[in-house]
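This report concerns only the one structure given below.
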2 protein chains.
Amino acid sequence: MAARPNAGTKGVPRAERERQILDVASVAFGTHGFAGTNVADVARAAGISKPLVYAYFGSKEGLYAACLDRAGELLGDEIERVARGDVVGLERGVRTLEGMFAVLEDQRHVWRLLHDRSAPTSPEVASVVAAHTERIHALAHEGVSELLALAGVQDALDVSAMTATWLGIVDSLMDWWVAHPEQSAADMVERVTRLVAALFTDAAAGTPR
Amino acid sequence: MAARPNAGTKGVPRAERERQILDVASVAFGTHGFAGTNVADVARAAGISKPLVYAYFGSKEGLYAACLDRAGELLGDEIERVARGDVVGLERGVRTLEGMFAVLEDQRHVWRLLHDRSAPTSPEVASVVAAHTERIHALAHEGVSELLALAGVQDALDVSAMTATWLGIVDSLMDWWVAHPEQSAADMVERVTRLVAALFTDAAAGTPR
DNA sequence: GTGGTAACTTACCCGCAAGTCATATACCTG
DNA sequence: CAGGTATATGACTTGCGGGTAAGTTACCAC
């Protein structure tokens, strides 16, 4: 029946379809946020119909949680891998960024999933968010603590604020990367290395007060 | 008539009402984003009814644009004030933050309005967003250029990426401040000054590669 | 073949929030 | 007081988008 283009084709196996949908949905959620994304658009972009999305993920929140879960694990694992190495201080920061760039080269928007302000507050989703953000935050806190300890800063609130700032730096670099698709991961690593070197060796010239 | 609590009271003059509504709406938009905010809630929180909001601002987008306009002008003016001073380099960054903290002490969420990913893309709103973000971005770019020039970095993309990072730093500090309401503006300035001093004098110990 | 199941669709329901209409009270002015 | 205007509201319409029901096609096992 011509009216139903793809109806009844045996089609793609479940696992693969789920991956496809998650890919598309991650872009959408990462770009427009949870509240700004609609499921019908995701389905259309994935080349399937809306009910199929629901068949696989149950609800919009379920879909979001699944995206988040995949993203959180990917990022968390990579950050942890670097953390378990033996680098410390600024070097650890740069190496972590290097890992992020490598892992996210083909899915740059994914980082944003973790920082969605319009995410639903339902306990089901919140717990998934919390699990991953807490893990990443803990690793960031660890790295920042080390760095600041080297510089003689111990105050807990100082470390807390600096951790937030570090995450913000990652965030903004990812955003910039999204806006500059022609830049490769390697380009980004070079750029960051260059900037860090410039700022932390020469720029002390302008140290305030 | 008891059924209409406030109906028909001559009520508050227009200008003052508009200010009240903008105050409430800015909190809502800044907290939940554009897509996550609903007008009825804003009206209720402002102690008035929904049609009045529409009478004053025409639409949800109009309300959002008005919030943005006020915020953008407030922030832009303050940033520009610091920029027109004679400080450069890191000092200028710290002074700019000082200005932000002072101006936003009682409305910390406002900064987020400028960075709302769920903001509508209609030309009407987009132009207002663009006007303010471009102004602020240009000022940030100017400051970052100066700073990097002192450190010997000239590359346009490096400056661009660093500008984005700087804005991300401001962003994350504002977020942290929102999460720590007991911290005064003065506390924040001290904290930032302390961290900058620590990072840019001692931390070169950990300079990478 | 026939029955079972997995992959998929069209067509619908329905609630919520954006936006509107008709109306009411208060104040001012002549 | 009559009439105009500014401030306000309760009750409504409407559309968008989350979610569902029921059916269709293909493959597989026997």
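All chains are named by letter (A, B, ...) in the order of the sequence lines, taking the proteins before the strands, and each is independently numbered beginning at 1. What you see below is based on every heavy atom in this structure, not just the backbone, and it leaves out hydrogens, waters and symmetry mates.
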[N] [atom2] sits how many Å from [X] [atom1], rounded?
X	N	atom1	atom2	result
B:L52	C:dT20	CG	P	14 Å
B:R44	C:dA17	CZ	P	9 Å
B:K50	D:dA8	NZ	P	18 Å
B:Y56	D:dA8	OH	P	5 Å
A:I48	C:dA6	CD1	P	18 Å
A:E18	C:dC8	CD	P	11 Å

What's the closest nucleotide to the [X] side chain, out of [options]?
X	options	answer
B:P51	C:dC8, D:dT9, D:dA8	D:dT9
A:R14	D:dT7, C:dT10, C:dA7	C:dA7
B:N38	D:dA8, C:dA18, C:dG19	C:dA18
B:S49	D:dT9, D:dG18, D:dA8	D:dT9

### Task
Could you verify whether a donor N or O on one side chain and an acceptor N or O on the other, from A:D187 and A:S184, lie under 3.5 Å apart?
yes

Note to self: Just by distance, no angles: are the side chains of B:S160 and A:W176 close enough, under 3.5 Å, to form a donor-acceptor pair?
What the structure shows: yes

From the list A:T165, A:L97, A:L114, side chain to side chain contact (heavy atoms under 4.5 Å, CB included) partner of A:V170 resolves to A:L97

Check your understanding: Are B:R112 and B:D171 ion-paired here, with the side-chain N under 4.0 Å from a carboxylate O?
Key -> no

With a 4.0 Å limit, can you tell me whether B:Y54 has a side-chain N or O closer than that to the phosphate oxygens OP1/OP2 of C:dC21?
no

### Message
On the nucleotide D:dA6, are OP1 or OP2 found under 4.0 Å from the side-chain N or O atoms that B:R17 carries?
### Response
no

- request: Would you kindly check whether a donor in the side chain of B:K60 faces an acceptor in the base of C:dA17, or vice versa, at under 3.5 angstrom?
  value: no

Can you classify the ring geometry of A:F200 versus B:F200 as parallel (below 30°), tilted (30 to 60°) or perpendicular (above 60°)? parallel

Review point. How would you label the contact of A:F57 with the nucleic acid (heavy atoms, under 4.0 Å): base, sugar-phosphate, or nothing?
Key: nothing

